[in-house]
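Computed from a predicted model, the values in this text were never measured in an experiment.
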Amino acid sequence: MKLSGERTADTSTAPVTAGRLAAAGGRGDAPATYPVRTDEDLITVRHAVRAATVEGGFGLVDQTRVVTAASELARNAYIHGGGGTVTIESLRSAGRRGIRLTVRDEGPGIPDVEAALADGFTTGAGLGHGLGGARRLMHEFEVHTVPGKGTTITATRWTTQ
């Protein structure tokens with residue numbers, strides 16, 4: 001995991017990184033961005049992510065992983081970040097497909113990214129598995145946060161074909 005002055009964490013575990021993917025021209029369909037400002041928006045995001053994983057050829061277990069991660073991240077943006085957006089992007093590279101989620105908010109930021117990724121860390125009434133759990137469900141996971149200016153989380157999962 002990398003951490004810098006702007007509190008960025010990159011916990012990629014996939015063999016193809018986003019940077020190498022872009023350099024190889026491995027983009028898929030045009031990204032779609034959804035607002036996250038209401039409870040109904042959370043449902044819309046879950047349905048859109050499910051549809052994108054089905055279209056991307058993900059199996060049922062991986063569909064569930066991505067939808068669960070998206071739900072946790074969107075809910076965090078809504079609850080802790082005061083709302084934001086979720087961008088869903090289909091990816092293609094080296095004969096496989098993937099999905100990238102970019103969740104942005106303009107909330108208070110995350111003061112301690114490492115602590116926030118640890119199981120049991122919570123700033124609310126939850127169990128504290130959301131951010132760390134979402135990271136475990138995806139192959140690539142990056143947190144970029146600036147206190148007082150918001151957080152952007154980028155998470156990618158690849159098909160297992």
## Note on the structure
Across all chains, not counting sequence neighbours, the side chain to side chain contact (heavy atoms under 4.5 Å, CB included) partners of T44 are Y34
Would you say [X]'s side chain and [Y]'s backbone share a donor-acceptor pair under 3.5 angstrom?
X	Y	value
T145	I110	yes
S71	V67	no
R157	L137	yes
Q63	F58	yes
D105	G83	no
H144	T152	no

Restricting to non-hydrogen atoms, name the atom on [X] and the atom on [Y] that form the minimum distance, rounded to 0.1 Å.
X	Y	result
P31	T87	CB-CG2, 3.6 Å
G82	R37	O-NH1, 4.0 Å
I99	A52	CD1-CB, 3.5 Å

Heavy-atom side-chain contact between [X] and [Y] under 4.5 Å:
X	Y	value
V86	L73	no
T68	T64	yes
R135	I153	no
T85	V103	no

### Task
Please report the C-alpha distance between L131 and E72 in whole Å, then the side-chain angles of each, then the deciding distance to 0.1 Å, and finally whether the side-chain contact (heavy atoms from CB on, under 4.5 Å) criterion is met.
CA-CA 7 Å; L131 200 56; E72 289 294 335; over 6 Å; no
### Query
When you look at W158 and E140, which way does the side-chain contact (heavy atoms from CB on, under 4.5 Å) test go after all the steps?
CA-CA 9 Å; W158 297 97; E140 300 170 18; 3.1 Å; yes
### Task
Using the test side chain to side chain donor-acceptor pair (under 3.5 Å), find all partners of T53 that sit at least two apart in sequence or belong to another chain.
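Testing T53 for side chain to side chain donor-acceptor pair (under 3.5 Å), a comparison that skips the adjacent residues, returns none.
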### Query
What do the steps show when you test R100 against L91 for side-chain contact (heavy atoms from CB on, under 4.5 Å), and what is the final call?
CA-CA 7 Å; R100 178 180 298 134; L91 307 172; 3.7 Å; yes
## Note on the structure
Rounded to the nearest 0.5 angstrom, the CG-OH distance for D41 and Y78 is 8.5 Å
### Query
Atom CZ of R75 and atom CG of D39: how far apart are they, to the nearest 0.5 Å?
8.5 Å
### Message
Regarding T159 and R97, do their side chains bring together a donor and an acceptor under 3.5 Å, going by distance alone?
### Response
no
